[in-house]
There are 4 protein chains.
Amino acid sequence: MEKPVFNRKLTPALKPYQRRLFEIVFEAETPAGRRFDEVLLLLIVTSLLVIMLETVQGFAALVYQIFYGIEIMMTLIFTAEYIVRILIVREKRKYIFSVLGIIDLISILPTYLELLFPGMHYLMVFRTLRMLRIFRVLKLTKFTSEAEVLLRGLKSSRYKITVFIASIFVYVVIFGTVLYVVEGPEHGFTSIPLSIYWAIVTMTTVGYGDIVPVTAAGKFISAIVMILGYSIIAVPTGIISVEIARAVREGASELNTRSCPSCTKEGHDPDASYCKFCGNQLTVSE
Amino acid sequence: MEKPVFNRKLTPALKPYQRRLFEIVFEAETPAGRRFDEVLLLLIVTSLLVIMLETVQGFAALVYQIFYGIEIMMTLIFTAEYIVRILIVREKRKYIFSVLGIIDLISILPTYLELLFPGMHYLMVFRTLRMLRIFRVLKLTKFTSEAEVLLRGLKSSRYKITVFIASIFVYVVIFGTVLYVVEGPEHGFTSIPLSIYWAIVTMTTVGYGDIVPVTAAGKFISAIVMILGYSIIAVPTGIISVEIARAVREGASELNTRSCPSCTKEGHDPDASYCKFCGNQLTVSE
Amino acid sequence: MEKPVFNRKLTPALKPYQRRLFEIVFEAETPAGRRFDEVLLLLIVTSLLVIMLETVQGFAALVYQIFYGIEIMMTLIFTAEYIVRILIVREKRKYIFSVLGIIDLISILPTYLELLFPGMHYLMVFRTLRMLRIFRVLKLTKFTSEAEVLLRGLKSSRYKITVFIASIFVYVVIFGTVLYVVEGPEHGFTSIPLSIYWAIVTMTTVGYGDIVPVTAAGKFISAIVMILGYSIIAVPTGIISVEIARAVREGASELNTRSCPSCTKEGHDPDASYCKFCGNQLTVSE
Amino acid sequence: MEKPVFNRKLTPALKPYQRRLFEIVFEAETPAGRRFDEVLLLLIVTSLLVIMLETVQGFAALVYQIFYGIEIMMTLIFTAEYIVRILIVREKRKYIFSVLGIIDLISILPTYLELLFPGMHYLMVFRTLRMLRIFRVLKLTKFTSEAEVLLRGLKSSRYKITVFIASIFVYVVIFGTVLYVVEGPEHGFTSIPLSIYWAIVTMTTVGYGDIVPVTAAGKFISAIVMILGYSIIAVPTGIISVEIARAVREGASELNTRSCPSCTKEGHDPDASYCKFCGNQLTVSE
């Protein structure tokens with residue numbers, strides 16, 4: 001099992017109350033740590049709901065003041081948490097510039113910026129990034145190893161996925177251009193970029209229907225785009241199935257803890273009788 | 001093979017007619033039991049058709065009285081069946097609070113409630129839950145073991161699926177918010193929850209076309225949402241393929257624990273008579 | 001390799017010209033047989049094109065007479081072919097009632113019926129069934145074994161697929177009814193059957209956009225339907241992947257023609273040293 | 001590892017500056033060759049952007065002259081590159097008629113043709129084919145082997161895919177015709193080819209919504225088309241998963257033909273030093 005990236009060690013010189021705080025804020029195994037994570041999850045979800053409902057017309061008018069209050073309170077809580085984390089962590093610089101550290105900062109900064117510069121409503125997007133903190137909470141549970149298998153599957157198929165996306169790109173540019181030429185601006189295909197957008201909408205089988213081919217030739221070519229797009233999805237699925245199967249198998253063989261009695265190395269196949277590293281006989285597994 | 005969950009044993013003290021009734025109502029292997037299940041399936045489907053057609057304008061006006069009569073009759077039959085089941089089952093409390101027991105109750109209760117409180121047309125939803133009784137009938141056939149393989153596949157991949165759904169959730173909230181900011185209420189993206197709805201419609205490739213991006217930036221970001229959504233489907237497919245493959249394999253190996261009496265090796269095909277490793281005769285399986 | 005189903009044997013008493021005809025019409029391996037199949041494929045495609053283009057407004061007006069002539073000619077050719085097949089085949093009854101025999105009849109009958117009873121334009125559907133004859137031609141090539149692998153994969157997963165379709169059915173009925181209650185006739189959900197149609201359109205990610213949820217609650221429930229539908233597709237894909245993998249593996253082991261020198265049985269695993277049927281030593285493969 | 005197709009050998013008689021040019025233009029492993037490829041990639045992308053933006057209304061008016069200049073310049077650069085490639089390659093004829101050679105020609109020819117015959121705006125499509133040169137650049141990196149695995153997977157499943165596409169074809173023609181008969185021209189299904197287009201739009205789950213069934217019967221049949229289409233996608237996915245799995249496995253085993261010098265058994269892991277079957281030392285691989 002790989003070590004979690006953010007499992008920072010404490011210096012032995014930490015005072016007891018600091019050690020206690022660390023346990024609560026960073027650990028998930030202790031009861032206090034688990035409770036802290038649960039409260040955090042609740043706060044994040046509440047905060048998200050507030051951000052979302054602020055934009056709903058009816059709601060905003062009614063309870064704007066309440067939402068505003070909750071938002072400020074949330075931000076203060078998250079700020080306090082951020083400061084505590086910085087104070088008690090040993091490698092402060094490492095935490096601040098870590099992915100989780102940046103997410104922690106991003107989840108408080110936009111609210112302050114909006115207070116300073118009102119009207120920058122696009123900061124709202126950054127406020128929703130607060131949601132990424134959900135992964136901080138999930139990270140500390142048994143979900144990590146599952147996520148790791150998924151990520152390992154995606155990672156080991158990254159070259160295949162790049163080739164796939166490059167092909168998709170070439171594919172939509174060519175068919176987008178063809179439809180632009182065939183249908184033309186008078187049927188809604190007003191430019192090549194828009195036609196490429198249409199090709200993506202079609203190939204991914206989203207099919208909004210805001211731009212559709214009108215001529216017989218355009219419909220014929222569209223049909224080809226659709227069938228190809230419909231078939232192409234099989235390719236990444238196949239890739240990822242195979243990679244996940246491999247990741248799962250490798251994950252399993254990690255758990256196959258049969259180790260050589262001579263050299264103590266692990267990773268032997270289930271049917272192996274001799275250590276593949278030192279050649280000595282293996283004990284019978286199970 | 002696991003024992004079916006609801007295969008309740010009879011007390012030896014049951015009278016012959018009770019034993020007979022039990023056979024008919026709960027068993028599926030006996031001819032009488034199978035016929036009872038077939039009649040039940042027919043009744044369920046008829047009942048469902050009636051509920052559906054009641055809502056069709058033309059139909060309702062014409063044959064409302066007939067439908068009403070059938071509905072009442074069905075409910076009476078199902079009520080009788082429910083009472084019989086309670087009477088003859090030994091662990092009454094266990095049956096009543098079992099999943100199937102609750103479904104049996106739900107399939108009769110709404111009709112009575114509608115008789116008592118006319119106008120509560122949303123009870124109709126509960127009436128369609130009657131359909132879940134189809135699984136009671138299916139349960140007793142060879143479909144169970146197949147459904148079990150499916151469920152085992154889904155169950156053993158539940159953490160991976162949770163991670164996947166959490167990612168999807170984060171994904172649609174972020175992209176929904178981005179589109180809300182980019183397109184804004186003037187292009188139909190009137191609030192963040194609605195924009196998240198749009199993101200879900202797009203990412204799942206449903207693409208109704210009721211809300212579509214209008215600006216170039218919105219279209220560009222949508223294209224990314226589509227391609228990601230189109231690729232992401234590969235992940236659960238891969239997960240479930242692998243899990244089903246494992247469930248099938250394990251299901252097969254459960255049926256195949258034959259080992260060679262001479263060399264004790266396993267992994268023999270079901271049709272093998274001799275050990276493929278040492279050539280000695282295998283014992284007859286089962 | 002299994003024997004093709006329709007490879008009927010000739011009686012030894014056939015006259016030479018009959019044997020020659022049989023070779024041309026039923027065999028695909030001989031040059032004459034292959035040429036006959038190619039001509040047949042061309043005729044089928046031409047015939048299909050004529051049927052299709054007949055319905056296109058502009059075309060029909062222009063060249064109706066020509067199309068009519070081609071159609072009659074095609075039907076005569078196919079009729080002649082049908083009669084020849086009946087004449088030269090030994091088990092006439094078996095051919096006439098075989099799947100291919102019925103397709104051969106269906107591909108000529110509708111045209112005659114339309115001549116007798118003009119105006120029955122729905123016979124057109126049956127005329128397109130002529131297209132199924134494409135499979136007669138494909139059947140005789142190396143595609144058969146591939147199609148067999150596909151069919152075997154589908155067949156061996158038929159219980160899983162039934163469970164899956166039953167679940168889909170329950171799923172769309174429940175969600176269709178829920179949306180009918182939530183949205184109601186005023187938002188286009190005019191009856192439960194129509195709402196079920198909407199649920200199918202949504203769950204399969206087709207998403208026409210002719211019926212869409214309008215209320216917030218409806219949109220929220222729709223989002224759930226979409227995400228479930230989007231995830232559910234992973235289940236049949238997983239099932240079929242696994243079954244095809246099994247069919248391919250089994251297909252491969254059929255081609256693994258290693259046979260026991262003692263009992264001549266085949267189907268040994270690549271790593272087997274002894275015959276699993278009679279226990280005698282196998283020769284080393286390859 | 002197979003040899004890349006276009007890795008042409010130089011004659012020993014090449015002059016040093018020619019050898020140098022060859023290294024830059026055809027090789028990707030040397031620093032100069034890699035830099036050349038990067039510049040080429042940049043030029044291709046710029047050129048594509050120019051072609052696309054030319055068709056955008058606002059842009060074109062503003063900066064048409066600049067775009068025109070860039071386009072001409074690009075074409076001159078690509079022409080120079082094409083000539084250099086012809087000059088330094090030994091088997092000139094082979095290069096000119098190779099796939100990459102033709103792509104190189106196609107990426108320059110349309111611009112010249114447009115200069116000669118202004119107004120042939122459909123040549124634009126051929127200009128976008130310039131984009132295929134991206135694969136020339138990708139080809140020279142580690143992506144090749146991944147693309148090869150994908151292509152091998154697709155290639156070895158070509159018969160299965162042909163059967164699949166033939167089935168899809170039969171499927172959409174039959175259901176298209178059925179819907180034409182059921183819905184008829186008054187509901188937008190004006191001809192069989194258009195109805196087949198509808199069937200493709202529906203089956204691939206694109207679902208534009210430009211043509212939708214209106215009658216109850218049409219909607220019922222559409223629902224079947226959708227569910228079938230939704231399930232059918234599982235078939236190519238399954239096929240390709242299996243084939244990619246095989247291609248990956250074979251790719252791995254190609255790299256791993258190490259056999260034990262003592263017992264000659266194969267199947268050793270890449271990291272094995274001793275035979276897992278008999279315990280003797282393995283020779284060092286490669």
Side-chain angles (χ1 to χ4, degrees), chain B residues 48 51-57 121-122 124-125 128-129 131-132 134-135 138 142-143 145-147 149-150 153-154 161 164-165 168 193-194 196-197 200-201 203-210 233 236-237 239-245 248 268-269 271-281, chain C residues 157 159-160 162-164 166-167 169-170 173-174 176-178 180-182 185 190-196 201-202 205-209 212 216 219-220 222-223 226-227 229-231 233-235 237-239 241-243 245-246 267-269 271-282:
Chain B
L48 262 182
I51 295 173
M52 282 180 202
L53 294 179
E54 260 183 42
T55 65
V56 178
Q57 229 49 30
H121 75 296
Y122 55 81
M124 185 183 299
V125 175
T128 59
L129 290 181
M131 189 180 43
L132 290 173
I134 288 172
F135 287 110
L138 287 181
K142 68 169 74 161
F143 292 99
S145 66
E146 297 294 334
V149 169
L150 282 187
L154 285 173
I161 287 174
F164 174 70
I165 286 180
I168 290 287
L194 189 76
I196 291 173
Y197 166 75
I200 293 172
V201 168
M203 191 211 60
T204 58
T205 78
V206 170
Y208 282 140
D210 52 348
I233 185 67
T237 307
I239 294 168
I240 290 179
S241 294
V242 170
E243 294 299 340
I244 289 176
V248 164
H268 303 291
D269 292 342
D271 59 348
S273 305
Y274 290 87
C275 173
K276 65 181 180 182
F277 299 108
C278 71
N280 282 296
Q281 195 154 8
Chain C
S157 54
Y159 293 116
K160 281 198 206 68
T162 308
V163 169
F164 174 71
S167 308
F169 178 72
V170 167
V173 170
I174 288 179
T177 311
V178 168
Y180 172 73
V181 170
V182 168
T190 51
S191 70
I192 290 185
L194 189 76
S195 301
I196 291 172
V201 168
T202 300
T205 77
V206 170
Y208 282 141
V212 291
K219 280 179 170 150
F220 184 76
S222 299
M226 284 169 212
I227 289 177
Y230 178 71
S231 306
I233 185 66
V235 174
T237 307
I239 295 168
S241 295
V242 170
E243 294 299 340
R246 185 148 65 183
H268 304 290
D269 291 344
D271 60 346
S273 305
Y274 290 88
C275 173
K276 65 185 178 180
F277 299 108
C278 71
N280 282 297
Q281 196 153 8
L282 293 169

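Numbers restart at 1 for each chain; the letters A, B, ... are given by sequence-line order, proteins then strands.
Of the atoms belonging to Ser195(C), not a single heavy atom falls under 4.5 Å from chain B. Looking at Ile196(B), there are no atoms closer than 4.5 Å to chain C (heavy atoms on both sides), in backbone or side chain.
With sequence neighbours excluded, the residues satisfying side-chain contact (heavy atoms from CB on, under 4.5 Å) with Thr204(B) are Ile200(B), Val206(B), Met226(C), Ile227(C), Tyr230(C). Residues satisfying the side chain to side chain donor-acceptor pair (under 3.5 Å) criterion with Tyr208(C), sequence neighbours excluded, are Trp198(D), Thr202(D).
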Chi angles and distances behind the side chain to side chain contact (heavy atoms under 4.5 Å, CB included) call for Met52(B), Thr177(C): CA-CA 8 Å; Met52(B) 282 180 202; Thr177(C) 311; over 6 Å; no
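Nearest approach of Pro193(C) to Thr55(B), heavy atoms of both residues: CD-OG1, 3.7 Å.
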